[in-house]
Amino acid sequence: MQLVQRSKRVIEARLNNTSVRALSGSMVAYEGQVSFKSAGFGGGDGLVAGIKRRATGESLSLMEAGGTGVVYFAHNAAETTIIELSGETLQVESQQLMVLNGNLQTNVTFAGMHGATSGQGLFTTTVSGTGQVGIVSNGGPLIHLEVSPQYPLIVDPDAFVCARGALSQSFVTDVSWRSAIGQGSGEAFSLRWDGTGVVSIQPAER
């Protein structure tokens, strides 16, 4: 199975007696002998994954396309990007994940606590293994930002899409810039990334 960038808003999956998982409802056309079904509870990663998603609120509704042919995927006219994984783990916002090949595994991991007063836990979806992942971004193509030990990165959580590499994540609650642009109400926080890797953001907030 191979993912190909058909256009900036469409990804095609070339199937040769193989399968691909994708966001439910993202198929816009297909050619050949291809069948579709729900990926099942847990998005095709089993009962434990489904229970973890339900408990944490990290929703991921996936379908499975299998057979021989070409399937075209798009989602709300968003920009698309294909990311190649080679035994790595990609941390991604579940609503930005559109398509992935069958060899990759998804999971839910604990991202940490946001706010000492609220004690609210945040969770994130991870994709691991070797293969291709199709990501969507709003407002334009993904912007890839390098993170190094000398230069940690602070990101607005509504702009964050995905991250990979030897990175650690923490939360910054003293965010003065939010007050400067009129977003100072409530318990504002941002994501801080330290280590070595790449963080990808979108040029529009959710």
Side-chain angles (χ1 to χ4, degrees), residues 1-15 18-31 39 43-45 58-65 70-109 111 123-148 151 153-167 169 190-191 193 195-206:
M1 197 286 298
Q2 182 182 16
L3 296 181
V4 177
Q5 197 82 50
R6 178 70 175 190
S7 73
K8 64 181 181 179
R9 292 186 173 88
V10 178
I11 289 175
E12 67 177 59
R14 299 175 179 176
L15 305 180
T18 50
S19 65
V20 64
R21 285 182 292 164
L23 180 69
S24 296
S26 62
M27 188 278 291
V28 293
Y30 74 94
E31 304 166 343
D45 286 307
E58 272 289 295
S59 61
L60 188 62
S61 178
L62 297 178
M63 63 181 180
E64 182 179 324
V70 179
V71 187
Y72 303 91
F73 297 101
H75 183 60
N76 292 337
E79 300 262 355
T80 61
T81 302
I82 297 173
I83 295 177
E84 305 273 350
L85 296 181
S86 300
E88 305 163 88
T89 295
L90 179 74
Q91 181 175 321
V92 59
E93 282 291 321
S94 60
Q95 57 191 292
Q96 313 288 146
L97 179 62
M98 186 175 72
V99 58
L100 65 157
N101 75 16
N103 297 324
L104 294 169
Q105 299 294 314
T106 64
N107 202 352
V108 179
T109 61
F123 299 84
T124 189
T125 292
T126 59
V127 181
S128 58
T130 298
Q132 296 172 293
V133 186
I135 302 294
V136 295
S137 58
N138 298 312
L142 283 181
I143 301 167
H144 305 290
L145 303 174
E146 298 278 346
V147 181
S148 67
Y151 296 100
L153 180 68
I154 309 296
V155 173
D156 185 332
D158 288 328
F160 169 76
V161 175
C162 60
R164 60 175 168 166
L167 295 170
Q169 176 189 302
S190 286
L191 303 176
W193 299 89
T196 303
V198 176
V199 174
S200 301
I201 63 172
Q202 62 183 7
E205 295 185 341
R206 281 182 290 275

[atom1]-[atom2] distance between [X] and [Y], expressed to the nearest 0.5 angstrom:
X: Asn103; Y: Arg21; atom1: CG; atom2: CZ; result: 9.5 Å
X: Gln91; Y: Gln169; atom1: CD; atom2: CD; result: 5.0 Å
X: Asn101; Y: Thr130; atom1: CG; atom2: OG1; result: 9.0 Å
X: Arg14; Y: Leu3; atom1: CZ; atom2: CG; result: 10.0 Å
X: Ser7; Y: Glu12; atom1: OG; atom2: CD; result: 9.5 Å
X: Asn138; Y: Asp158; atom1: CG; atom2: CG; result: 11.5 Å

For [X] against [Y], the heavy-atom pair lying closest together:
X: Glu93; Y: Phe160; value: CG-O, 3.5 Å
X: Leu167; Y: Gly197; value: CD2-N, 3.7 Å
X: Ala74; Y: Arg9; value: CB-O, 3.3 Å
X: Leu104; Y: Gly131; value: CD2-N, 3.8 Å
X: Ser26; Y: Ala22; value: OG-CB, 3.7 Å
X: Ser190; Y: Asp156; value: OG-CA, 4.4 Å

Within a strict 4.5 Å, meaning less than it, do heavy atoms of the [X] and [Y] side chains meet?
X: Leu97; Y: Ile135; result: yes
X: Val4; Y: Gln2; result: yes
X: Pro203; Y: Ile143; result: yes

Next on the checklist: Quick one: does any side-chain atom of Ser24 pair with a main-chain N or O of Ser61 as donor and acceptor, under 3.5 Å?
Outcome noted: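 Yes, because the side chain of Ser24 sits within donor-acceptor range (under 3.5 Å) of the backbone of Ser61.
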
Checklist outcome for this item: In Leu145, Val198, Leu191, the residue satisfying side chain to side chain contact (heavy atoms under 4.5 Å, CB included) with Leu153 is Leu145

Using atom types as modelled, flag every donor-acceptor pair under 3.5 Å from a side chain in residues 75-88 to any protein atom, sequence neighbours excluded.
| from | atom 1 | to | atom 2 | distance (Å) |
| --- | --- | --- | --- | --- |
| Thr80 | OG1 | Gln5 | NE2 | 2.5 |
| Thr80 | OG1 | Lys8 | O | 3.2 |
| Glu84 | OE2 | Gln132 | NE2 | 3.0 |
| Glu88 | OE2 | Ser86 | N | 3.0 |
| Glu88 | OE2 | Arg164 | NH1 | 3.4 |

Item to check | Residues Leu100, Val127; criterion side-chain contact (heavy atoms from CB on, under 4.5 Å); working and verdict | outcome: CA-CA 9 Å; Leu100 65 157; Val127 181; 4.2 Å; yes

Checklist entry - Going through the checks in order, is the side-chain contact (heavy atoms from CB on, under 4.5 Å) test met by Val161 and Ile201? => result CA-CA 5 Å; Val161 175; Ile201 63 172; 5.5 Å; no

Checklist entry - Given the rule in the side-chain contact (heavy atoms from CB on, under 4.5 Å) test, do Phe73 and Arg6 qualify, once you have shown the distances and angles that lead to the verdict? => result CA-CA 9 Å; Phe73 297 101; Arg6 178 70 175 190; over 6 Å; no

